[in-house]
Amino acid sequence: MSLPRIVLEPLVRAALEEDFGGAGDVTSVACIDGAATAKAEMRARTDGVLAGVGCAALAFELSDPELDIAFQTDGGCAVKPGQTVLSVSGNARAILAAERTALNFVTHLSGVATLTRAYVDAVAGTGVAIAPTRKTLPLLRSVQKAAVVAGGGAPHRFGLGD
């Protein structure tokens, strides 16, 4: 389940704005030359199901549209420890400014997808579907439900109006 940019951008933008505060990334500005470049790779630490890479890529893009972002695997895919899931290169300050927000989305949503897959596997062959409720974190419902689908869960009503 791929969510459109119009859904993801306000969420990712708000997360970056919260992290930047009023001053931006003061540590990187103080310690890293503005022209420095870097390359970073996001790698899986454990076995799991990947989710949230679209949010991660968007965090980097919003930090600097000139960054080169490459997906190594798609959301919903099984990953192994050490497997690279995303790489980014370009301005070092921009990469560092977005990396925590990007990692937070991927780790949280991959956790949701991985746990969902465990439940889906546990009921395989029984005719039971694993479906999410509306018990989501405020403002994260769309990405958390997409992570459930990435883990093999069944879509369920989104809100009270469904």
Q: Starting at OG1 of T101, measure out to CZ of F20 and round the result to the nearest 0.5 Å.
A: 6.5 Å

Q) Step by step, would you call R93 with V29 a side-chain contact (heavy atoms from CB on, under 4.5 Å)? A) CA-CA 7 Å; R93 284 184 182 175; V29 170; 4.2 Å; yes

(Q) Membership question, hydrophobic clusters at under 4.5 Å side-chain separation (ILVMFWY): are L137 and L8 in the same one? (A) yes

Q.
Just so I know, are the side chains of D25 and T27 near enough to count as touching, which here means a heavy-atom distance under 4.5 Å?
A. yes

In residues 30-42, what donor-acceptor pairs under 3.5 Å come from side-chain atoms, sequence neighbours left out?
| unit_1 | atom_1 | unit_2 | atom_2 | d |
| --- | --- | --- | --- | --- |
| D33 | OD1 | A35 | N | 2.6 |
| E41 | OE1 | R43 | NE | 3.1 |
| E41 | OE1 | R43 | NH2 | 2.5 |

Show me the donor-acceptor pairs, under 3.5 Å and distance only, between side chains in residues 122-130 and residues at least two apart or in other chains.
| unit_1 | atom_1 | unit_2 | atom_2 | d |
| --- | --- | --- | --- | --- |
| T126 | OG1 | V123 | O | 2.6 |
| T126 | OG1 | V128 | N | 3.3 |

Q: Kindly give the heavy-atom pair with the smallest separation between L3 and A146, and that separation in Å.
A: CD1-CB, 3.9 Å

(Q) Please enumerate all residues that pass side chain to side chain contact (heavy atoms under 4.5 Å, CB included) together with A70, with sequence neighbours excluded. (A) Q72, S87

Q. Can you check whether D68 reaches V88 side chain to side chain, under 4.5 Å on heavy atoms?
A. no

Q. Looking at F60 and L67, what are the two nearest heavy atoms and their distance?
A. O-CD1, 3.3 Å

Q | Heavy-atom donor-acceptor pair, K80 side chain to G48 backbone, under 3.5 Å | A | no

Q.
Please determine whether side-chain contact (heavy atoms from CB on, under 4.5 Å) holds for the pair N104 and V106, giving the CA-CA distance in whole Å, both sets of side-chain angles, and the decisive distance to 0.1 Å.
A. CA-CA 6 Å; N104 286 346; V106 170; over 6 Å; no

Q) Are V149 and V120 connected in a single hydrophobic cluster, I mean Ile/Leu/Val/Met/Phe/Trp/Tyr linked by side-chain heavy atoms less than 4.5 Å apart? A) no

Q: Of all the heavy-atom pairs spanning G52 and L109, show the shortest one and how long it is.
A: CA-CD1, 3.7 Å

Q.
Does L50 form a side-chain contact (heavy atoms from CB on, under 4.5 Å) with Q83? I'd like the steps, not just the answer.
A. CA-CA 11 Å; L50 183 64; Q83 181 178 346; over 6 Å; no

Q: Would you give the length of the straight line joining atom CD of Q144 to atom CG of L139, rounded to the nearest 0.5 angstrom?
A: 10.0 Å

Q) Got a sec, which residues hit side chain to side chain donor-acceptor pair (under 3.5 Å) with N91, two or more places apart in sequence or on another chain? A) none

Q) So which heavy atom on V53 is nearest to which on G75, and how close? A) CG2-N, 4.0 Å

Q: Keeping the roles fixed (side chain from S63, backbone from A94), state whether a donor-acceptor pair exists under 3.5 Å.
A: yes

Q. Does anything in residues 8-17 pair up under salt bridge (charged side-chain N to carboxylate O under 4.0 Å, His left out), and if so which pairs, sequence neighbours excluded?
A. R5-E9, E9-R13

Q: Is it possible for you to say whether V85 and L115 belong to one hydrophobic cluster, with membership spreading through side-chain heavy-atom contacts below 4.5 Å?
A: no

Q: I would like to know whether V79 and V49 meet side-chain contact (heavy atoms from CB on, under 4.5 Å); could you show each step before the answer?
A: CA-CA 6 Å; V79 292; V49 177; over 6 Å; no

Q. Do other residues, nucleotides or ligands put more than 12 heavy atoms under 6.0 Å from the CZ atom of R157?
A. yes

Q: Measure across V148 and P132 and return the closest heavy-atom pair with its distance rounded to 0.1 Å.
A: CG1-CD, 3.7 Å

(Q) Looking at L103, I want to see if its CG is surrounded by more than 12 non-hydrogen atoms of other residues, nucleotides or ligands under 6.0 Å. (A) yes

Q.
Which residues pass the side chain to side chain contact (heavy atoms under 4.5 Å, CB included) test with V12, not counting sequence neighbours?
A. L16, C55, L58, A59, L62, F105

Q | Closest heavy-atom pair and its distance - H156, A131 | A | CB-CB, 4.0 Å

